[in-house]
Amino acid sequence: MPRIRLWLATAALAVSGCGGPFPQSTLHPRSDFARATDVLFTDIFWWAAVVFVVVELLLVVALVRFRHREGRPAPKPTHGHTLMEIAWTLAPAVILVFVAVPTVRTIFATAEAPPDALKVDVIGHQWWWEFRYPELALVTANELHVPLGRTVQLSITSADVIHSFWAPQLGGKRDAIPGRVNHISFRADFVGDYSGQCAEFCGASHANMRTRVVVDSDSGFGRWATVQLAGPAAPAPGSAAERGKAVYARSACIGCHTIQGVSPGVIGPNLTHVGSRATIASGLFPNDSAHLARWIADAPAMKPGSIMTRMQPPLSDADIAALVAYLEMLK
Ligand code: CUA
């Protein structure tokens, strides 16, 4: 009885992996880069399968053919069989060449981009992502927008420790290393909202360092860029948002965040159009008033290690509500 239960539990565990959806599966490629990685994976999988079958076959043959039988003398050990030594050194080396050549070729191919590629500088921070579009003079955070069907070249670096940028359905990961710039390029094939994850341990909130890549239609990307390039919305006189703007301007917020024309901080994400983003805290929470209010009051409670500390002295609930109204207005 306990054995049946063990088998059932094992089967349940195995089958649970077949659920879905899989928003971060490399097996559902949605760009040229991701497809190249997928092809590579499939190739290497079949090489590995052939090696497995050959090795197991030889093992079974040896077990059956040379097993101990009554009256058979002890086997004679083989020493220094030159031909065999050469064979079992060469065979894996040849297989590794078949794995290494396409892998290295793909690594280089996916770092190159045509001259008309959309360039984006990606900067990893503890624990969020900054995106700068040099051609557009546009800066945003945590949600990378790219146009459908146009190659995008990411120049990836870090402001503090080593991170790794990875949006699995759009391509492989690449490290964000302080003082160094790594490149990847991809051309997205499908409009959609893709999630990503920092893939290099970078401290307390490494697992909370998510990202979203939004693939827009060509016109959708243009509309998004136009909105992002405009100055921040101005709150209506006498509104809660206007009070919120005053709270913002006299609080510690201005030391770390940029709101164009209001504050020049660069330690935290640019908030000029924070209201246009679907999530806050690097993709961790939905961008709604309840989460924004909690976040402003005590960010480290929601994201361990957050460099945005608790407000000291704490803001009153009325001030937080006003601040939330202001930030939500910054579409
Ligand atoms: Cu950034 Cu892990």
Side-chain angles (χ1 to χ4, degrees), residues 22-28 30-31 33-34 37 107 110-111 119-134 138-146 152-186 188 193-215 255-258 265-271 274 277-287 291-292 294-296 298-310:
F22 303 106
Q24 297 197 159
S25 170
T26 53
L27 300 177
H28 300 121
R30 293 289 180 265
S31 80
F33 183 178
T37 316
I107 289 172
T110 52
K119 295 187 170 54
V120 185
D121 298 334
V122 176
I123 303 152
H125 295 260
Q126 282 176 317
W127 288 275
W128 59 282
W129 292 100
E130 182 176 1
F131 302 116
R132 298 173 165 266
Y133 298 68
L138 193 164
V139 181
T140 186
N142 298 325
E143 296 185 3
L144 172 67
H145 280 250
V146 299
V152 181
Q153 186 176 42
L154 306 184
S155 302
I156 304 168
T157 189
S158 166
D160 37 48
V161 300
I162 300 178
H163 305 272
S164 184
F165 182 84
W166 191 31
Q169 288 189 280
L170 297 174
K173 59 186 82 150
R174 201 126 315 166
D175 279 0
I177 302 169
R180 200 195 139 85
V181 179
N182 284 332
H183 299 283
I184 49 176
S185 62
F186 63 87
D193 189 335
Y194 302 96
S195 62
Q197 169 68 51
C198 177
E200 182 74 52
F201 180 71
C202 55
S205 264
H206 157 67
N208 296 327
M209 188 169 167
R210 298 184 199 167
T211 188
R212 287 173 67 235
V213 182
V214 181
V215 178
C256 296
H257 295 285
T258 291
V266 290
I267 293 167
N270 187 309
L271 300 179
V274 64
R277 304 203 274 264
T279 58
I280 57 165
S282 199
L284 265 190
F285 303 103
N287 188 3
H291 286 95
L292 261 178
R294 276 175 57 204
W295 179 255
I296 293 166
D298 190 356
M302 296 170 79
K303 190 170 168 186
S306 169
I307 287 165
M308 174 159 150
T309 52
R310 294 175 70 170

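Atoms within a ligand are numbered from 1 in the order they appear, just like the ligands themselves. Not measured: the values here are computed from a predicted model. Side chains included, hydrogens not; waters and symmetry mates left out as well; all remaining heavy atoms used.
For the residue pair T258 / N270, no side-chain donor-acceptor distance below 3.5 Å is found, with atom types taken as modelled.
With atom 2 (Cu) of ligand 1 at the apex, C202 SG and C198 SG define an angle of roughly 120° (rounded to 10 degrees).
Atom 2 (Cu) of ligand 1 is closest to atom O of E200 (considering only N, O or S atoms). Nearest to atom 1 (Cu) of ligand 1, among the N, O or S atoms that H163 has, is ND1. If you look at H206 and ask which of its N, O or S atoms sits nearest atom 2 (Cu) of ligand 1, the answer is ND1.
Using bins of under 30°, 30° to 60° and over 60° for the plane-to-plane angle, the ring pair F285/W295 lands in the tilted bin.
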Q: Show your working on side chain to side chain contact (heavy atoms under 4.5 Å, CB included) between I280 and H291 and close with a plain yes or no.
A: CA-CA 8 Å; I280 57 165; H291 286 95; 4.1 Å; yes
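For D298 (side chain) and R310 (main-chain N/O), no donor-acceptor pair under 3.5 Å exists by modelled atom type. The backbone N or O of W166 sits nowhere less than 3.5 Å from a side-chain atom of Q197 that would complete a donor-acceptor pair.
S164 lies apart from atom 1 (Cu) of ligand 1 in this respect, since none of its N, O or S atoms is found at a distance under 2.8 Å.
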